Amino acid sequence: MSVLDILINYHMAFLQGLRVTLELCAVIWTSGIVLGVLLGVTSAHFPNSWGHFTHAMSFAFSAIPTLVVLFWLHYPAQAVFNVVIDPFYTASLTLSLVNIFAVGEIVRQAVSDFPKQYIIAGQVCGLSRQDLVTKIQLPILFRQLLPGLMVLQVGMLHATLFASLISVEEIFRVSQRINSTIYRPVEIYTALAFFFLLVCLPINLTAAYLKKRYTRDMSER
Amino acid sequence: MLEARNLNFSYGDKPILKNVSLQVPPGGITVLIGPSGTGKTTLLRCLALLEPPQSGSISIDHETFTYPWPAGKAFTPPWPKLTTVFQQLFLWPHMTLRENILLPVRRRKGGDIHGELNALIEAFDMKDFIDSYPNEASLGQRQRVALARALMLEPRYLLLDEITSALDVEQIAKILTYLKGLRGKNIGIFIITHLLGFAKHAADQVVFMANGEVAESGSPDILKNPQTERLYQFLSVIAAAS
């Protein structure tokens with residue numbers, strides 16, 4: 001059975017798994033970008049309270065393996081609180097938290113380190129507060145943040161594989177189940193790689209487009 | 001009149017400005033000279049209302065800013081009526097040089113801003129690089145753009161910090177001639193420079209600072225006949241070096 005045969009015969013199962021993976025990503029990416037940016041901006045403006053909190057949480061989530069957090073929230077936490085939560089929600093929450101604090105820390109650092117002289121130059125030129133934010137600060141920050149955030153989001157897509165370990169029926173778990181039935185690991189994982197390429201290609205193309213459109217080497221001669 | 005009275009400024013325990021007073025009249029060129037590290041740029045930043053001195057006052061025409069500034073009192077500097085070109089220029093890196101000039105002026109002026117810009121492009125020889133980004137231009141080119149950005153705003157007072165340091169002799173002559181021409185527009189210019197030749201020929205007033213104090217000030221004649229030992233020493237060192 002070739003890779004093509006597997007894709008044809010099991011395409012419904014793969015697509016179902018891919019749908020779950022993309023649903024997970026939609027939750028993780030949306031919450032991470034929206035809440036992470038809010039958290040980062042708030043942390044930059046309140047460095048002694050929110051700033052320390054974001055830094056500490058980001059450090060904790062980068063130090064503790066995501067799988068450990070995922071398992072902890074799935075097994076012991078639910079046992080302690082005597083609740084049963086759909087693993088999809090547990091995975092969504094865990095990976096969203098990781099993403100929110102990672103995005104928050106990247107944004108916090110970028111906003112905190114923003115060169116104040118560009119703002120001062122705008123002030124003495126009489127730019128309004130709104131123009132300073134929309135014409136100077138946001139475009140420069142966007143260009144600085146874009147590459148790092150895109151890489152992080154692709155990393156979060158890959159991290160959705162962990163969800164398979166708590167029984168979320170995402171594409172990796174589907175692949176494992178197919179493999180347990182027909183035992184063709186090389187072909188099956190090649191097909192899985194194909195699906196990840198399919199998802200990552202548009203992301204990478206979008207990242208490349210945005211990078212070409214908005215980022216450039218701004219270092220002076 | 002842009003006027004500073006008894007400005008005192010210190011970083012921690014280190015005094016930078018000691019009881020500095022000076023006047024920058026509209027339609028005149030005031031040149032500030034002095035050794036490095038003597039507080040010239042700090043004075044310019046205070047005059048630009050970017051750095052609050054510990055005490056003293058700054059008047060811009062009929063508006064007076066008295067320091068220490070009362071906590072909670074609204075602070076609304078008259079930018080860009082009073083504007084500054086910094087030594088480090090601070091052009092916005094994500095915009096072309098043309099956009100750098102046009103952004104501040106677009107919201108403030110109607111009329112033919114492109115015509116005014118074209119006249120400056122011509123005057124400062126900027127045609128070949130005006131659509132480049134700041135990192136694609138040389139320091140001298142960026143200095144001309146930063147000056148053009150300020151001039152497009154038609155300020156009443158223009159503070160310039162060493163803006164000709166990277167220009168060649170021909171460009172310096174062009175820009176200084178242009179600055180002299182601004183007298184006719186009643187713009188008051190305050191310029192920090194090491195170009196004593198410019199101070200001699202174009203300045204209406206020369207201020208010499210040493211150790212955070214105005215050691216001597218007056219007409220450009222003080223550069224020929226210094227009245228203080230400190231200015232005499234300063235001029236002697238420069239004469240020996242050149």
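First the proteins, then the strands, lettered A, B, ... as listed; each starts at 1. Note that the coordinates shown come from a computational prediction; the quantities given were computed from them, not determined experimentally.
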>> Given heavy-atom pairs under 4.5 angstrom as the criterion, report whether the side chain, backbone, both or neither of B:Leu49 touches chain A.
In response: neither
>> To the nearest 0.5 Å, what is the distance between CG on B:Leu50 and CD on A:Gln117?
In response: 12.5 Å
> Taking atom CH2 of B:Trp69 as the centre, does the number of heavy atoms from other residues, nucleotides or ligands within less than 6.0 Å exceed 12?
Replying inline: yes
> So do A:Ile136 and B:Leu103 actually touch side chain to side chain, heavy atoms under 4.5 Å?
Replying inline: yes
> Shortest non-hydrogen contact from A:Lys135 to B:Met95?
Replying inline: O-CE, 3.5 Å
> What are the two closest heavy atoms between A:Ile140 and B:Pro93, and how far apart are they?
Replying inline: CD1-CD, 3.9 Å
>> Other residues, nucleotides and ligands only: do more than 12 of their heavy atoms fall within 6.0 Å of CZ on B:Phe75?
In response: yes
> Heavy-atom count around B:His194 NE2 within 6.0 Å, excluding the residue itself: above 12?
Replying inline: yes
>> Could you tell me if the side chain of A:Arg143 sits less than 4.5 Å from the side chain of B:His94, heavy atoms only?
In response: yes
>> I need the minimum non-hydrogen distance between B:Pro80 and A:Gly126, along with the two atoms involved.
In response: CD-CA, 3.7 Å
>> Under a 4.5 Å cutoff for heavy-atom pairs, which residue among A:Val124, A:Asp131, A:Leu127 has the most contacts with chain B?
In response: A:Val124
>> Using side-chain heavy atoms (C-beta onward) and a distance below 4.5 Å, is A:Pro115 in contact with B:Phe90?
In response: no
> For A:Lys116, does the NZ atom have more than 12 heavy-atom neighbours from other residues, nucleotides or ligands under 6.0 Å away?
Replying inline: yes
> Is there a side-chain contact between A:Ile120 and B:Arg45 (heavy atoms, below 4.5 Å)?
Replying inline: yes
